[in-house]
Amino acid sequence: MKDLMIDVENVTFRYDRREQTDALSSVSFKAEKGKWLSVIGNNGAGKSTLAALLIGLIQPSQGTIRINGVALDEESKWTIRRSAGIVFQNPDNQFIGATVQDDVAFGLENLNVPADQMRLRVTEALETVGMLNYRTADPTQLSGGQKQRVAIAGVLALRPDLLILDEAFVMLDPRSRRELLATLKRLKTERDLTILSITHDMNEAAASDRILVLKQGHVARSDTPAHIFSEETELAAPFSERLRRLLLKKGRRAPESYRTESEMVQWLCD
Amino acid sequence: MAMRLRLDHVTADYQIGPVRSPRVLREVSMSLQPGTFTAVVGPTGAGKSSLLKVLNGLLLPQSGQAEIGDITIDGKSSKRLLKAVRKRVGLVFQFPESQLFAETVEQDISFGPLNFGAHPRNVHALAEKVIAQVGLDESILYRSPFSLSGGQKRRVAIAGVLALEPEVLALDEPTAGLDPTGKEELLSLLKQWNKQNGLTILMVTHDMESVARYADDVVVMEKGRAVFHDSMRKLFEDTERLEKWQLDVPDARRFQLEFEVRSGTRLPRVCLTEDELADALIEVGRV
Amino acid sequence: MNKLILGRYFPGDSLIHRLDPRAKLISGIAFIFISFLAKNSQGLFLLWLFTFFVMSTTRVGFRAFFRGVRPLIWLILFTVFLQILFTAGGTIYFNWGPIKISEYGLANALFIFSRFVTIIVVTTAVTLTTKPMELTDGLTFLMRPLRILRVPVDELSMMLSIALRFIPNLLDEMQRIMDAQKARGAVFGEGSLFHQMKALVPIFLPLFSSSLNRGEELANVMDVRGYRSELPRSSFRRLIWKIKDTVCMLVILLLIAAFAVLNLI
Ligand SMILES: Nc1ncnc2c1ncn2[C@@H]1O[C@H](COP(=O)(O)OP(=O)(O)OP(=O)(O)O)[C@@H](O)[C@H]1O
Ligand SMILES: Nc1ncnc2c1ncn2[C@@H]1O[C@H](COP(=O)(O)OP(=O)(O)OP(=O)(O)O)[C@@H](O)[C@H]1O
Ligand SMILES: [Mg+2]
Ligand SMILES: [Mg+2]
């Protein structure tokens, strides 16, 4: 088995002691290095809470979290954040720098990276997300999708091993979204980057290596897309699976289990 | 009832501090028939939100004019006139839950009607009516809007606009950030109001699935211009122009195009939903 | 709300735009002192001449400066009237109890008025042509000596730059919320004072809660991106002192010299 990037064991968290329910309760899962893990679940299922725990913004009341083999605590979180980054759900409140390039450089400044090296990395990161032309723009004046790209660049500039994305593509139009996903996939293989992506887009989830399904603070399921979409029929599904289910319902010939879109087309052609 | 919306060569920009922004709407002309469900699509920054603001009198045309039924707004319209327009065109902003402020949901919903001079005695019944319309339980009226889930807040905010009893409902990306179930529910509600009550709906969205399944007509915005306004099907049949405007196609259509290339078989028509696709595949005997 | 000009940056590429923020800050501060050197009519003339020179060099347009002065106009007029009414000396033109309009009073008022307006105009010229972050950089640099006194200069400058980021955000947010409530029929700036105050509740409550949220989220972002005030940080931006900055300082020195000469003769 490959090394583990994320190892969460029995984690429980509650925002307020007065509340009756835990935001997360007894959550356990693992993510191997260099894999893409999608986290799905309804509004309020605890996805953002999980992300905040993984980056050490909040501490679990029970259980342990290991990132790249290191147990996460108040001390180790600073070391872990040198190679792990997060893009938050709301792109409006994520900017510190007054220009795009200043903002991307913020994390590097904190690591005391020398100025000329910083320039190089900032340029590289902005190029990756296709925002190099906007490097002197004011981030608050950008459209939602552009803001999300800049936020992603800010993390990529750190050359992280772990990238956590909390619905980081919702503001992008579908085309830019696909382009950015492809770029991140490429980085994933080139740099052995691990990606944990929270999403409501089932097509995106279907294209990942594994899916974690959260339901009211519990892990309902953690498996490959193929298993999850074949077996969890009450879950919203990607297009190929919707078509397969429909064909079955109409009593027609259909593949016996989940197929990706490309496989489904192939199946129809045969 | 039948109130028509017409834009006549509307050009508009924003005042930012000491400077004016570049034009965000350029010579936009269009005419919306009452009772239609129209989607507004286009890349980010194309002026979709600004278009809605013009129809609601929040952004005044610099030149040209907007006709909302028998009211005409131009650059010099009075506050009173604009208020009358806002009663007719209900505008739901992006992430409308951020504008909730009152102690209870009922008070928040009543805010609009009271502003428009509704009698305090009648607003309770109105609040009960609209909260049911958005598919929420009456008991929610007495809770604080801040104690609700994201999806519930969104619905309450929409109820607050419905309470104005507008003839046109304009919504800016109403399903952004909702989970798949919440999204489906909200869209079906909109469709239902459109079909049963004849409410004219104008909805900005990036999601071509919702366009294909719910909209009658589509407006395509590009760099401040309305470059297309016709039936939804016409738009998706025109692969070339879709490409030019960098617009996506619905999942089913994308699947169909891929299938046609790889199998060499052409399906009898353009398919926009899985139902249409399944039927077409059955027709050509593939399944 | 959007008409507020103070602290706004006006994008441009004029000579003044391209000056180093340190040069502009020093010049701006120096000008405040210089304006007190104007003691006779030639001095007054020179003061205005320099001010007009600065205004036209920014290529921002006089209207923008006029807007900068407008919010303070009542304060200025009030001070001017006090000067006119309560300064005695020289020929007396009008006398009524304690109130005298005298030659000295009028002259004093004219000087005060000129000082006020030229200082506002010149400092506005600095803020209009300098990006907020450049201002912060310049200030940080100029405050460096205070480090010896254990003043946390870097943290102050971080706070300042974040505050500067926050203000336009807050104004935009306010505009958004106002629009949203207007769409629900709210009308602002009409009716009795009580009515107007009441109309603000639907703006300030959401604005307040969203600012709290924003503040918290911003703090979280700084935290996860590894900001720790106790550790040394490198800096992405660098200030480069150019020849034109030296020239700018020379111009200021020249101006001081000119006033010195005018006051001697
Ligand atoms: N700061 C907070 N204080 C108290 N409760 C909170 C806080 N943040 C979230 N919650 C609650 O914790 C639960 C999980 O919220 P979380 O934000 O993790 O959901 P999510 O899965 O990210 O939802 P969404 O898809 O809407 O983003 C919800 O019931 C929510 O109301
Ligand atoms: N309040 C404002 N002040 C100044 N400029 C604005 C304002 N709102 C929008 N703009 C500018 O107007 C243009 C059109 O913006 P608009 O919000 O209408 O686009 P949109 O099509 O809704 O984009 P998106 O899909 O990102 O929501 C953009 O260039 C934007 O920067
Ligand atoms: Mg979330
Ligand atoms: Mg918009």
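Chain letters run A, B, ... following the sequence lines, proteins first and then strands; every chain starts at 1. Note that this is a predicted model, so its numbers are computed, not measured.
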*What distance separates C:D179 CG from B:L91 CG, expressed to the nearest 0.5 Å?*
8.5 Å
Is the number of heavy atoms from other residues, nucleotides or ligands within 6.0 Å of [atom1] ([X]) greater than 12?
X      : atom1 : value
C:R214 : CZ    : yes
C:F188 : CZ    : yes
B:Y142 : OH    : yes
B:F146 : CZ    : yes
C:Q196 : CD    : yes

Which atom pair, heavy atoms only, marks the closest approach of [X] to [Y]?
X      : Y      : answer
C:P206 : B:S98  : CB-O, 3.5 Å
B:R86  : C:K182 : CD-O, 3.1 Å
C:A180 : B:Q99  : CB-OE1, 3.0 Å
C:R184 : B:N115 : O-ND2, 3.1 Å

*Counting heavy-atom pairs under 4.5 Å to chain C, which of B:L164, B:V161, B:L58, B:V92 comes out on top?*
B:L58
*asked:* Please classify the contact between B:K87 and chain C as side chain, backbone, both or neither, with a heavy-atom cut-off of under 4.5 Å.
replied: neither
_Heavy-atom cut-off 4.5 Å, strictly under: side chain, backbone, both or neither for B:L59 against chain C?_
neither
_Partner residues of B:F101 under the ring pair (Phe, Tyr, Trp, His ring centres under 6.0 Å) criterion, sequence neighbours left out_ = B:F111
